[in-house]
Amino acid sequence: AVDDPSAGSVGLFRSGDGGTTWSRRDESLRENDVHSIVVDPSTPSTLYIAGPGAGVSKSTDGGVTWSLANTGISAAYWTTVAVSPDDPNLLFAGGNNLGIYRSTDGGTSWQSVTAGPPPYGVSAIAVAPSDPSVVYAASDTLLVSEDSGTTWKQKSAGLPQNGASQCVTVDPKDASH
């Protein structure tokens with residue numbers, strides 16, 4: 001994804017030769033401003049993207065065509081989408097002041113898994129490869145779920161107060177790191 005509006009280069013691009021050449025792959029997207037791309041690890045031709053104005057979109061042909069995967073979520077400012085490494089139907093999405101949403105049917109429908117109105121936005125979500133029931137979300141604090149997103153706890157001891165986390169990743173061999 002390229003995001004440089006000043007250069008007229010906003011969009012989704014794909015390379016099939018290791019980055020030597022690139023082709024645009026956002027013709028069927030409602031919006032071409034992409035904030036997050038994730039590949040389904042069990043079916044690499046299935047991709048999900050999150051972006052402002054369009055919500056979550058899905059491709060099942062390696063990014064050639066896209067369709068909206070938004071039932072249950074608004075087409076607001078979505079910044080992140082994540083897929084479980086062991087269940088391709090389990091997805092998480094988050095965005096600016098939107099909280100965290102979960103899909104258990106591959107993006108066909110979504111439900112909020114944030115209790116109450118979200119006080120902050122979610123900039124990144126990561127599912128632990130070694131224990132996919134553990135999910136981390138980066139926002140004004142660090143949130144963690146140990147039950148596939150049903151409940152969430154703040155884990156901010158040692159982190160700066162009132163600081164926004166922009167990204168999160170999980171050790172592939174240890175869900176607690």
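We count residues from 1, following the sequence as given. No hydrogens, no waters, no symmetry mates; every other heavy atom, side chains included, goes into these values.
Note that the CH2 atom of Trp66 and the OG atom of Ser59 stand 5.0 Å from one another [nearest 0.5 Å]. Distance CG/Asn89 to OG1/Thr108: 8.0 Å, rounded to 0.5 Å. Rounded to the nearest 0.5 Å, atoms OG (Ser145) and NZ (Lys153) are 9.0 Å apart. Taking CG of Asn70 as the reference point, atom OG of Ser109 lies at 11.5 Å (rounded to 0.5 Å).
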Under the side chain to side chain contact (heavy atoms under 4.5 Å, CB included) rule, what do Leu90 and Ser148 come out as? Steps first, then yes or no, please.
CA-CA 9 Å; Leu90 183 58; Ser148 299; 4.2 Å; yes

Starting from the C-alpha separation in whole Å, work towards a yes-or-no answer on side chain to side chain contact (heavy atoms under 4.5 Å, CB included) for Trp152 and Val135.
CA-CA 9 Å; Trp152 295 87; Val135 184; 3.6 Å; yes

Output, in order, the C-alpha distance, side-chain angles, deciding distance and verdict of side chain to side chain contact (heavy atoms under 4.5 Å, CB included) for Leu143 and Gln154.
CA-CA 5 Å; Leu143 302 171; Gln154 288 189 8; 3.7 Å; yes

Without placing hydrogens or testing angles, list every side-chain donor-acceptor pair under 3.5 Å for residues 38-45, not counting sequence neighbours.
from	atom 1	to	atom 2	distance (Å)
Asp40	OD1	Ser42	N	2.9
Asp40	OD1	Ser42	OG	2.8
Asp40	OD1	Thr43	N	3.4

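Side-chain atoms of Lys58 and Leu47, non-hydrogen and from C-beta on, never get closer than 4.5 Å to each other. Side-chain contact between Tyr136 and Val127 is absent, with no heavy-atom pair separated by less than 4.5 Å. For the pair Leu91 and Ser84, the minimum side-chain heavy-atom distance is 4.5 Å or more. Leu68 has its side chain out of reach of Val56: every pair of non-hydrogen atoms, C-beta onward, lies at least 4.5 Å apart.
A side-chain donor-acceptor contact under 3.5 Å links Ser15 to the backbone of Thr21. Looking at Trp110, its side chain does come within 3.5 Å of a backbone N or O of Ala69 through a donor-acceptor pair. Within the 3.5 Å criterion, the main-chain N or O of Ala50 finds no donor-acceptor partner in the side chain of Ser36. Checked by atom type and distance alone, the side chain of Thr80 pairs as donor or acceptor with a backbone atom of Ile125 at under 3.5 Å. Between the Lys173 side chain and the Pro129 main chain, no donor and acceptor come within less than 3.5 Å of each other. Using modelled atom types, no side-chain atom of Ser123 and backbone atom of Gly95 make a donor-acceptor pair closer than 3.5 Å.
Across Ile100 and Thr114, no two heavy atoms sit closer than the pair N-OG1, 2.6 Å. Of all heavy-atom pairs between Ser130 and Pro132, the closest is C-CD, 4.0 Å.
Evaluation of the side chain to side chain contact (heavy atoms under 4.5 Å, CB included) rule for Thr150 yields Arg102, Asp147 as partners, not counting sequence neighbours.
Residue pairs satisfying the ring pair (Phe, Tyr, Trp, His ring centres under 6.0 Å) criterion with at least one member in residues 38-62, sequence neighbours excluded, are absent.
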